[in-house]
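Remarks on the structure that follows.
Treat the numbers as computed from the prediction; the structure is a model and nothing was measured.
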Amino acid sequence: MKVNRNRRKQSFGQRLQQAATAAREAAARLPVGPERDIMLKKAMQAETAAHINELLSAPVLHAAGR
């Protein structure tokens, strides 16, 4: 018997935001120290990647002089 799974694809930006949120939540549970700093760095990297992806996915604005 074949089981159909309900799969909803998430965009790359959504996955990056989820990774950032998960890293921030994990950092909040850790005591102050290097492990927490690593998790916060991962969160910032995921947020930056999401922002860059958003900028690259935006429609291109043409220069006024062209």
Original post:
Linking Ile, Leu, Val, Met, Phe, Trp and Tyr through side-chain heavy atoms less than 4.5 Å apart, which residues share a cluster with Leu16?
Top reply: Phe12
Original post:
Does any pair with a residue in residues 24-34 pass side chain to side chain donor-acceptor pair (under 3.5 Å), and if so which ones, sequence neighbours excluded?
Top reply: Arg24-Glu47
Please list, one pair per line, the donor and acceptor atoms closer than 3.5 Å that link side chains of residues 32-43 to other protein atoms, with sequence neighbours excluded.
unit_1	atom_1	unit_2	atom_2	d
Arg36	NE	Ala27	O	3.2

Original post:
Any salt bridge (charged side-chain N to carboxylate O under 4.0 Å, His left out) pairs touching residues 14-23, not counting sequence neighbours?
Top reply: none
**OP:** Taking side-chain contact (heavy atoms from CB on, under 4.5 Å) as the test, write out the residues that go with Gln14, two or more places apart.
**Re:** Gln10, Ser11
**OP:** Any salt bridge (charged side-chain N to carboxylate O under 4.0 Å, His left out) involving residues 49-59? Give me the pairs, sequence neighbours left out, ordered by first then second residue.
**Re:** none
Subject >> Distance in Å, Leu55 CG paired with His51 NE2, rounded so as to fall on 0.5 Å steps >> reply: 4.0 Å
**OP:** Could you pull out the closest heavy-atom pair between Ala50 and Gly13, with the gap in Å?
**Re:** CB-O, 4.4 Å
Original post:
For Ile52, what are the other residues in its hydrophobic cluster, where any two members join if their side-chain heavy atoms are less than 4.5 angstrom apart?
Top reply: Leu56
